[in-house]
Amino acid sequence: MGVIDVLNLLVASLLLAGIYTTMSIGMTIIYGVMKIINLAHAGFMMLGAYFVYEVFNRLGVHPILGALLAFPVFFLLGMAVHWLLVRWLPVSDQPTLPSLLLLFGLWLVLQNVGYAAWGNLDRSIYTDMTLATVRLGPLTLSVVQLVVFTVAVISVVLLQFMLTRTWFGRAVRALTQNPFAGQLVGIDTARMSRLSFGLGIAFAGLAGALLASLYSFDPDFGRPFLLRSFVIIVLGGLESFTGVALGALILALVETFSVQFVPAGYQMAISFSLLVVALLVLPGGVASLIERRGRTT
Amino acid sequence: MSAAATPVRDPAHQVPVLEVRGLTRYFGGLAAVKDVDLQVPEGAIFGVIGPNGAGKTTLFSMVTGSLAPSAGRVFFRGRDVTGLKAFQRVRLGITRTHQIVRPFRSLTVIENVELATRYGRRPPGTAAEARRRAMEILEFVGLGAQAGLPASVLPVGQQKLLELARALATAPDLLLCDEICGGLTDAETREVMDLLRRIRASGTTILYIEHDMRAVMSVCDRIAVLNFGEKLAEGSPEEIQRNPAVIEAYLGRGAAGVDSDA
Amino acid sequence: MTAAPTGTRTHPPRVTAARDLAAAAVLVAVLAVLPWTEWGNLRLLFTTLIWTTCSIAWNLVGGYAGQVSFGFAVFYGIGAYTAAVLITEAHVNPYLAFAGAALAAAAASLLVGIPTFRLRGPYFAIATIGINEAVRVVMNNMEAVGAASGYRVNEMVGGQRAPFVMAEHYLSMVVIFAVALLVSILVARSRFGLALTAIRDDEDAAADIGINAFQHKLAAHALAAALVGAAGGAYARYAAFIDPGGVFNFNNSVSILLMPVIGGLATVWGPIIGGAVYGIVQEELVARFSQIHLGLYGTLLILAILFEPGGVVGLMRRVWRALTGRRVQGGPVPARGVKA
């Protein structure tokens with residue numbers, strides 16, 4: 001591998017990390033506020049992909065614009081699902097058996113909806129962008145990847161802004177750090193969980209919609225990405241928003257570079273090994289490293 | 001509990017049951033407990049008081065092993081137990097009750113206690129023996145009639161007693177009671193104080209966190225005061241009541257009306 | 001102080017266990033004599049027993065200990081492959097091969113459990129989804145056992161291919177099922193089972209009475225994996241052909257967790273009822289409407305969680321209580337507050 005190759009791989013990892021962050025951050029929001037592992041995340045990502053596909057094919061809406069549209073649509077969808085199903089779950093400071101099973105059941109139903117509505121054929125979205133590239137010095141970059149990366153980064157930056165600057169964001173962070181803090185300072189936890197669930201699903205929809213421009217998809221589309229999200233949030237430390245970005249970058253680097261040495265069929269095994277290694281050496285995620293440094297100073 | 005072995009009190013036996021040295025715990029950048037030293041002598045009822053967020057429960061969690069200290073060491077009868085996990089310390093004789101009751105809700109009252117006898121310091125040989133001992137302990141705390149009920153249906157006062165029964169069932173040498181009187185009526189509080197004295201009389205040393213000042217003053221031989229994670233004072237109940245720094249930090253703020261602790 | 005717990009209103013544990021053991025003995029006896037009668041479709045019963053065994057096993061970890069696994073197909077598959085290879089390559093007696101399958105699956109369970117059970121939080125559940133996919137992919141690429149195209153099981157007896165005797169396959173599965181049932185009954189009322197329940201209710205409080213939660217979860221997981229592995233082994237010998245897409249399929253993991261939830265978590269008979277219901281549904285419905293099976297299972301899960309967390313057993317208890325007008329004191333485990 002020459003320097004240029006390494007540089008190309010680094011850039012590819014970075015681009016991948018962007019979309020991985022968007023895809024995983026929704027799980028972190030929901031876990032942080034509600035201590036629920038959203039197993040239906042993959043289902044909503046899949047729906048996000050088909051949403052873009054439909055508005056592109058039927059209404060001629062550009063897929064990137066479609067992805068932006070998906071965000072509010074999935075926000076409302078998420079709140080509806082919360083109202084219909086999730087709010088009945090027992091409140092707990094750790095994931096409960098019913099919450100895991102309920103959302104898992106929802107994932108199965110969503111998958112079935114996907115098969116019923118679109119069959120099991122692979123779909124993909126082609127636009128002028130799909131095969132276009134730009135040259136940046138010695139690097140060749142795919143336009144669609146750059147655009148997706150840009151949207152992903154903007155979404156995460158906006159989220160970060162909201163978390164630090166708005167009342168809602170501060171409440172989210174307070175609940176994430178201490179589920180009982182909410183009651184103490186008078187946060188309406190029911191409303192908070194509805195909004196956070198909506199927000200988490202909105203990010204799932206956005207991520208799925210963006211991924212639809214990069215990969216082909218079918219109703220089982222989200223599953224490998226769900227696994228990646230798991231690896232990322234575990235690497236990140238489950239509750240840390242900055243940890244997610246770092247986790248995404250680590251996974252993207254490992255995936256991108258490992259393809260050079262390991263057959264593509266083993267990709268999933270690589271991700272999973274990373275998960276196990278992370279659990280063994282860094283049980284608190286990368287966030288714990290940051291915290292630990294803060295503690296000694 | 002009358003059947004329990006009478007403690008061997010050797011006056012020359014100077015090793016405290018519990019000793020903590022320089023115990024410190026940070027959360028993020030904040031010190032919840034900072035450089036606390038304590039020596040709890042054999043057979044004492046040792047009180048730990050302090051305003052909300054003073055670090056009392058954090059201190060407890062480090063003594064029982066459910067929380068690792070950032071610095072400092074914990075010694076039990078002279079043995080360094082800092083590296084041991086909570087379940088290992090139980091088997092040496094350190095047990096706690098929780099401020100917010102935590103019964104095993106799917107089990108019955110007696111199953112809660114029975115399980116504790118079977119995993120505690122002196123596991124009985126047979127299931128029947130475990131059940132008999134569990135029943136004895138339930139009678140001792142006054143829950144004999146509730147033995148067959150699901151733990152989840154008990155009112156709060158009885159759940160507090162169940163906490164105590166379950167802890168006793170592990171045959172502790174050192175019992176840590178975390179605000180066991182919170183939410184109890186005056187009559188119930190007096191009953192619990194009486195229980196604590198009887199537990200001590202059977203040879204168990206007690207480390208006791210409490211908000212209810214009257215309870216602490218009436219039952220404790222010695223009291224340590226925590227404030228902002230640091231030990232502010234230590235002495236007999238009378239000394240503590242006279243200590244101006246304590247009055248300033250603790251009593252002066254009218255903390256008596258608040259009953260939760262971070 | 002009373003010498004005996006006369007004040008208790010529930011059955012003492014030994015009575016319950018004895019009643020369960022008696023019922024189990026009758027069930028196993030009936031199953032065992034079926035091949036000599038004209039009743040029963042042995043093939044359907046064989047598959048149902050496999051599912052039910054897996055269901056009982058899952059309940060040990062997911063029901064009692066409250067540790068939700070989405071990856072039991074891994075143990076099923078490892079058991080199947082281990083038995084297949086032992087029988088075909090090493091000409092091991094099939095029953096020894098099943099034992100080998102159980103051991104291999106139990107060993108594999110440690111690899112998932114050791115990194116995840118040590119930690120608090122949902123790490124175990126997360127890891128199990130990952131490992132299912134990872135192992136399937138690895139097996140899809142493992143040339144030594146035929147990779148994605150599968151592995152043919154060849155059982156030789158005295159230099160000849162062993163004849164296929166359905167009744168024998170069936171009876172071997174009855175034995176494995178009986179072991180699973182016995183384990184389940186013993187665990188339910190033992191110190192071990194109570195400790196698992198305590199861990200599920202409150203892991204910190206369990207540690208505070210001296211329970212080593214990590215070790216207990218690991219043991220329950222290994223026990224469950226061994227049972228599932230043995231069932232996988234019996235399947236491999238029966239089917240004479242296995243492939244990663246079949247035995248390691250994620251849908252198997254889904255089915256395995258579905259049965260105890262439908263039947264009734266943390267009960268002895270719930271997983272068996274769930275297994276029987278599933279076996280029949282699978283045979284009667286899914287064979288005909290395969291495109292809706294995911295949605296059907298998903299809906300069942302959602303309905304069970306929202307309306308009857310106690311599953312069929314919980315429903316039966318509720319109906320019984322309504323009919324008799326009696327409040328059962330030591331009633332079913334309220335799965336609503338169950339921690340994962």
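Below, read A as the first sequence line, B as the second, and so on, with proteins coming before strands; counting in each chain starts at 1. Since this is a predicted model, take the numbers as computed values, not measurements. The figures that follow rest on heavy atoms only: side chains count, while hydrogens, waters and symmetry mates do not.
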Can you give me the closest heavy-atom contact between A/Leu101 and C/Leu301, atom names plus distance?
O-CD1, 3.9 Å
Rounded to the nearest 0.5 Å, how far does CG of A/Leu227 lie from CD1 of C/Ile131?
11.5 Å
Can you tell which part of C/Ala127 gets under 4.5 Å to a heavy atom of chain A, answering side chain, backbone, both or neither?
both
dist A/Phe230:CZ -> C/Ile129:CD1 (nearest 0.5 Å) comes out at 4.0 Å
Could you measure the distance from the CG atom of A/Leu89 to the CD1 atom of C/Ile305? Nearest 0.5 Å is fine.
8.0 Å
Heavy-atom cut-off 4.5 Å, strictly under: side chain, backbone, both or neither for A/Arg228 against chain C?
neither
Under 4.5 Å to a heavy atom of chain C? For A/Leu275 that would be side chain
Heavy-atom side-chain contact between A/Leu100 and C/Phe70 under 4.5 Å:
yes
Heavy-atom contact with chain C under 4.5 Å, split by part of A/Leu238:
side chain
Measure distances from A/Leu103 to the heavy atoms of chain C and classify the residue's part below 4.5 Å as side chain, backbone, both or neither.
neither
Side chain from CB out, backbone as N, CA, C, O: work out which of these in A/Leu106 comes under 4.5 Å of a heavy atom of chain C, or both, or neither.
both
Reported CD1-to-CD1 distance for the pair C/Ile126 and A/Ile37, which is rounded to 0.5 angstrom:
3.5 Å
If we define contacts as heavy-atom pairs under 4.5 Å, which of C/Ile114, C/Asn140, C/Leu257, C/Val254 has the most with chain A?
C/Val254
Other residues, nucleotides, ligands: >12 heavy atoms within 6.0 Å of A/Arg191 CZ
no
Once the angle between the rings of C/Phe250 and A/Phe104 is folded into 0 to 90°, is it parallel (under 30°), tilted (30 to 60°) or perpendicular (over 60°)?
perpendicular
Residue part contacting chain A, namely of C/Val261, when any heavy atom lies under 4.5 Å
side chain
